[in-house]
Amino acid sequence: MSELGQLDERGRVRMVDVSSKEPTLREALARGRVSMRPETLELIRQGRVPKGDVLAVARLAGIMAAKRTPELIPLCHPIPLEAVEVELRPTEGGLEIEARVRARARTGVEMEALSAVAAAALAVYDMCKAVDREMTIGEIALWEKRGGRSGCGPCTGVPPW
């Protein structure tokens with residue numbers, strides 16, 4: 001159990017001590033999807049969803065989630081984020097969401113990027129659920145991680161879309 005940094009020598013949960021690490025530039029890229037009916041996607045494109053501008057609200061939800069990740073995920077370190085970019089792109093069958101997060105820190109920003117994608121997807125779902133009960137959220141994955149000791153380039157095992 002000692003191989004997992006979140007466990008102490010007695011197997012109790014703890015926050016990993018990163019105080020001895022030097023701050024370096026960290027970056028993470030995460031992606032996800034919201035699948036929906038073509039009619040719903042067209043409403044989003046035309047800005048005619050009754051609740052308002054879906055893309056703007058989802059982008060803001062993603063940014064806010066990245067900033068508040070330590071409040072959502074118990075063992076995440078609070079990190080002073082330097083940049084959060086959330087993009088939503090129409091694709092065949094729905095929206096692709098991409099979040100890129102950067103910080104100069106002692107630990108990575110993967111959880112912040114993943115939280116941004118998840119929150120943006122949930123915001124899309126919330127805003128469109130009245131017009132499309134068949135939407136699904138899925139394929140949220142870390143695509144890239146840079147900085148630190150183990151983060152160099154693309155991650156493996158991500159969906160091939």
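- Residues Ala61 and Ala119 come closest through the heavy atom pair O-CB, 3.6 Å.
- One finds the CZ atom of Arg106 at 10.0 Å from the CZ atom of Arg26 (value rounded to the nearest 0.5 Å).
- Distance CZ/Arg48 to CG/Leu43: 5.5 Å, rounded to 0.5 Å.
- At least one side-chain heavy atom of Leu114 sits less than 4.5 Å from a side-chain heavy atom of Ile140.
- Salt bridge status for Glu85 with Arg102: present, with a side-chain N to carboxylate O gap under 4.0 Å.
- To the nearest 0.5 Å, the span separating CE on Met111 from CD1 on Ile73 amounts to 4.5 Å.
- Enclosure of atom CD in Glu39 by more than 12 non-hydrogen atoms of other residues, nucleotides or ligands within 6.0 angstrom is indicated.
- The residues Glu139 and Arg31 are annotated as not salt-bridged, no charged nitrogen and carboxylate oxygen being separated by less than 4.0 angstrom.
- Leu81 and Val18 are assigned to two separate hydrophobic clusters, defined by single-linkage of ILVMFWY side chains at heavy-atom distances under 4.5 Å.
- Between Arg89 and Glu87 there is no salt bridge, since none of the side-chain N atoms of the basic residue sits less than 4.0 Å from a carboxylate O of the acidic one.
- Under the 4.5 Å side-chain criterion, counting only non-hydrogen atoms from C-beta, Leu95 is in contact with Met36.
- With hydrogens and angles disregarded, a donor-acceptor distance shorter than 3.5 Å links the side chain of Glu82 to the backbone of Arg104.
- In this structure, Ile44 CD1 and Cys128 SG are separated by 3.5 Å, a value rounded to the nearest 0.5 Å.
- Across all non-hydrogen atoms, the minimal contact from Thr69 to Ala66 is OG1-O, 3.1 Å.
- Here the side chains of Val109 and Ile79 are in contact, with some heavy-atom distance below 4.5 Å.
- Arg133 is linked by a side-chain hydrogen bond (donor to acceptor under 3.5 Å, both in side chains) to nothing, counting only residues two or more places apart in sequence or in another chain.
- Around the CE atom of Met64, the shell of radius 6.0 Å holds no more than 12 heavy atoms that belong to other residues, nucleotides or ligands.
- When all heavy atoms of Ala120 and Ala58 are compared, the closest pair comes out as CB-O, 3.4 Å.
- With sequence neighbours excluded, no residue satisfies side-chain hydrogen bond (donor to acceptor under 3.5 Å, both in side chains) with Lys21.
- Shown here are the side-chain hydrogen bond (donor to acceptor under 3.5 Å, both in side chains) partners of Arg59, two or more places apart in sequence or in another chain: there are none.
- One finds the CG atom of Leu55 at 12.5 Å from the CG atom of Leu60 (value rounded to the nearest 0.5 Å).
- Between Met127 and Asp53, the closest side-chain pair of non-hydrogen atoms is not below 4.5 Å.
- Contact between Ala103 and Pro80 at its shortest, heavy atoms only, is CB-O, 3.6 Å.
- Residues Gly108 and Glu112 come closest through the heavy atom pair O-OE1, 3.9 Å.
- The CD atom of Glu92 sits 11.0 Å away from the OG atom of Ser35 when rounded to the nearest 0.5 Å.
- Using modelled atom types, one side-chain atom of Lys51 and one backbone atom of Asp126 make a donor-acceptor pair closer than 3.5 Å.
- Note on Leu25 and Leu142: separate hydrophobic clusters, where clusters join Ile, Leu, Val, Met, Phe, Trp and Tyr whose side-chain heavy atoms are under 4.5 Å apart, directly or indirectly.
- Shown here for Val86 and Ala99, the closest heavy-atom pair between the two residues is CG2-CB, 4.3 Å.
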